[in-house]
2 protein chains.
Amino acid sequence: MDRAGTDGVADKRKLYELLWGTPSAPRRGPRPTLTLAAIAGAGIAIADADGLEGLTMQRVAESLDVTKMALYRYVPGKAELVGLMIETAVGEPPAPPQGAGWRDQLDDWARQMFDRFRRHPWALAATVGARVMGPNELGWLERALAALTGTGLNGGEMLDVAVLLLGHARNLAQQVSAMDTGTPEQALESGLGALLRGREERFPALIAAVGSAAAHAAQDQALDFGLARILDGVELLIRTRHP
Amino acid sequence: MDRAGTDGVADKRKLYELLWGTPSAPRRGPRPTLTLAAIAGAGIAIADADGLEGLTMQRVAESLDVTKMALYRYVPGKAELVGLMIETAVGEPPAPPQGAGWRDQLDDWARQMFDRFRRHPWALAATVGARVMGPNELGWLERALAALTGTGLNGGEMLDVAVLLLGHARNLAQQVSAMDTGTPEQALESGLGALLRGREERFPALIAAVGSAAAHAAQDQALDFGLARILDGVELLIRTRHP
DNA sequence: AGTACTCTGTATCCGACGGACACAGTTTAG
DNA sequence: CTAAACTGTGTCCGTCGGATACAGAGTACT
């Protein structure tokens with residue numbers, strides 16, 4: 001019960017040092033053959049190909065031509081390696097489109113976030129639960145809030161909007177990654193359709209919706225749809241603040 | 001690369017049988033001392049207390065007074081056990097509030113979903129990526145779509161709305177579970193605030209937002225806020241369909 | 001009633017994984 | 001030139017998921 005709690009604190013300290021600490025160059029001893037960036041890159045390559053289950057200290061070490069234990073000179077443990085991989089994979093936040101309004105900026109922000117999660121599907125599973133955020137991750141958040149300054153929303157509302165958009169991007173990336181072939185609606189048909197076949201009386205509304213979705217041949221529009229709904233709702237709120 | 005793909009098919013078959021197959025009562029041999037429900041319940045209790053990392057076949061077996069290998073007579077493997085736990089933990093979808101409009105129904109649906117994820121935080125991590133859904137999980141989806149029938153939306157749009165709401169409930173449950181003490185805004189202050197302290201020039205908008213959020217002393221309103229924005233957006237769309 | 005068959009739980013074993021620890025080699029500070 | 005510090009390696013251990021073989025329990029058939 002408290003096992004996860006007690007050394008969870010120590011783990012947070014270690015990861016914080018790893019993500020935010022200044023890279024102190026030691027003065028003696030042989031030169032390190034590896035760098036944190038190289039290790040994170042190797043880990044990302046493996047996780048991109050085989051997911052988090054395929055990520056092994058052994059495999060990371062092999063891809064860098066080192067022994068497994070050599071990695072522990074750079075990274076306290078596997079959890080911290082994954083944390084470092086997340087920070088590296090999200091990367092620096094992109095520059096906002098100049099001269100655009102808050103809506104276009106947030107739209108672009110959410111789509112960029114979606115793209116990152118699409119490129120690194122393992123990041124979805126790795127970013128559940130409490131964790132220490134790094135500079136890059138915080139930079140993305142900063143950029144979303146910067147887009148909202150001057151809209152009349154208060155701080156809490158701005159944070160809520162950012163959380164809302166981030167959740168949608170995450171959710172859609174997961175939805176799309178889960179069904180890696182074709183459009184979401186297409187995979188919905190093959191995956192859900194197989195389950196629903198022969199159970200029409202039990203899920204009538206679901207059957208009708210899936211059938212209609214397949215008939216309309218609507219392509220990958222789930223991201224656009226949710227984004228439009230959310231931003232419509234936010235715009236409505238902002239308009240009531242600036243009558 | 002194809003390792004996850006090849007036996008992933010077999011795993012899906014097994015889990016499908018487990019979730020959708022009829023419980024065939026064998027005619028010979030000694031009576032089973034366990035039931036699938038009991039196993040799933042034991043697993044849920046452990047995961048509720050210590051998370052998915054604390055879930056071990058050993059511990060599940062111990063809590064049922066059986067050997068570890070006895071579980072494999074009921075469940076093909078740990079992945080399938082987790083799948084069964086998910087299906088059991090979400091449970092049957094609640095009855096919709098009678099006589100309510102689509103908006104109230106969906107509002108209630110999303111909050112119920114949020115509650116389930118709050119009660120079983122491990123379910124968030126367990127439901128990432130492609131997976132086989134069970135009858136209960138599909139029942140929840142059915143209920144959301146049933147609430148939307150008659151609004152004039154087509155099947156694809158109805159599915160998109162359901163995905164949008166589900167994502168928000170998941171996202172907020174994760175956000176709240178990540179910071180288990182106090183309100184989200186409060187934990188945001190202690191967690192983010194600690195990171196931001198001393199870096200004011202780097203994250204100005206973030207600093208301002210967090211400070212303002214703490215000053216307004218807004219309590220757990222992120223769920224309400226996002227829900228209101230989303231449903232506002234959906235209502236706007238429905239109104240344009242029924243002028 | 002007895003026998004053969006089938007199903008259950010157990011005991012033992014294995015490979016993979018994360019990680020601790022001691023050691024040898026290498027580079028720089030004094 | 002020597003001592004200190006740092007790096008990578010080899011070895012070892014505990015834990016976990018899972019395969020397999022086996023012994024006992026209960027039922028169907030003769």
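When reading the values below, keep in mind they use all heavy atoms of this one structure, side chains included, and skip hydrogens, waters and symmetry mates. We name chains A, B, ... by the order of the sequence lines, and we start the count at 1 in each one.
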Within the side chain of B:Lys68, is there an N or O that forms a donor-acceptor pair under 3.5 Å with the backbone of B:Thr56? no
What about B:Lys78: does its side chain form a donor-acceptor pair under 3.5 Å with the base of D:dG18? no
Here the distance between atom C1' of D:dT7 and atom CG of A:Asp65, to the nearest Å, is 17 Å
Check the distance between C:dG19's C1' and A:Glu80's CD and give it to me in whole angstrom. 12 Å
Kindly say if A:Thr33 contacts the phosphate of D:dG8, meaning a side-chain N or O under 4.0 Å from OP1 or OP2. yes
Could you tell me whether the phosphate oxygens of C:dT8, OP1 or OP2, come under 4.0 Å of any side-chain nitrogen or oxygen in B:Tyr74? no
Contacts under 3.5 angstrom, residues 161-173 of chain B side chains, donor-acceptor by atom type, not counting sequence neighbours:
residue	atom	partner	partner atom	Å
B:His168	NE2	B:Leu223	O	3.2
B:His168	NE2	B:Leu227	N	3.4
B:Arg170	NH1	B:Thr127	OG1	2.4
B:Arg170	NH2	B:Leu124	O	3.1
B:Asn171	ND2	A:Val163	O	2.9

Can you see if the side chain of B:Arg31 gets near the phosphate of D:dT27 - specifically, an N or O under 4.0 Å from OP1 or OP2? yes
Pick the nucleotide of DNA chain D nearest each of A:Arg73 and B:Gln58; which residue has the one closer to the 5' end? A:Arg73
Nearest 0.5 Å, what's the CD1-CD1 distance between A:Ile44 and A:Ile39? 12.0 Å
Provide, to the nearest angstrom, the distance between the CD atom belonging to B:Glu53 and the P atom belonging to D:dG17. 12 Å
What contact category does B:Leu64 fall into here, base, sugar-phosphate, or nothing, at under 4.0 angstrom with non-hydrogen atoms? nothing
Between C:dT27, D:dG26, C:dG9, spot the one nearest the side chain of A:Pro30, thanks. C:dT27
Below 4.0 Å: OP1/OP2 of C:dG9 and any side-chain N or O of B:Thr67: no
State which of D:dT9, D:dG26, D:dA4 makes the closest approach to the side chain of A:Arg28. D:dA4
Nucleotide C:dC17, atom C1' - distance to CG of A:Leu52 in whole Å: 15 Å
Quick check on DNA chain D: between B:Lys68 and A:Leu34, whose nearest nucleotide comes earlier from the 5' end? A:Leu34
Side chain of A:Met69 only, heavy atoms from C-beta on: which candidate in C:dC21, D:dG26, D:dG17 is closest? C:dC21
May I ask you to decide if A:Ala110's main-chain N or O and A:Gln112's side chain share a donor-acceptor pair within less than 3.5 Å? no
Calculate the interatomic distance between B:Leu81 atom CG and D:dG17 atom C1'; express it in whole Å. 12 Å
When the distance from OH of B:Tyr72 to C1' of C:dC14 is rounded to whole Å, what number comes out? 13 Å
CD of B:Glu62 versus C1' of D:dT15: gap in Å, rounded? 13 Å
Any donor-acceptor pair under 3.5 Å linking the side chain of A:Trp20 with the backbone of A:Met133? yes
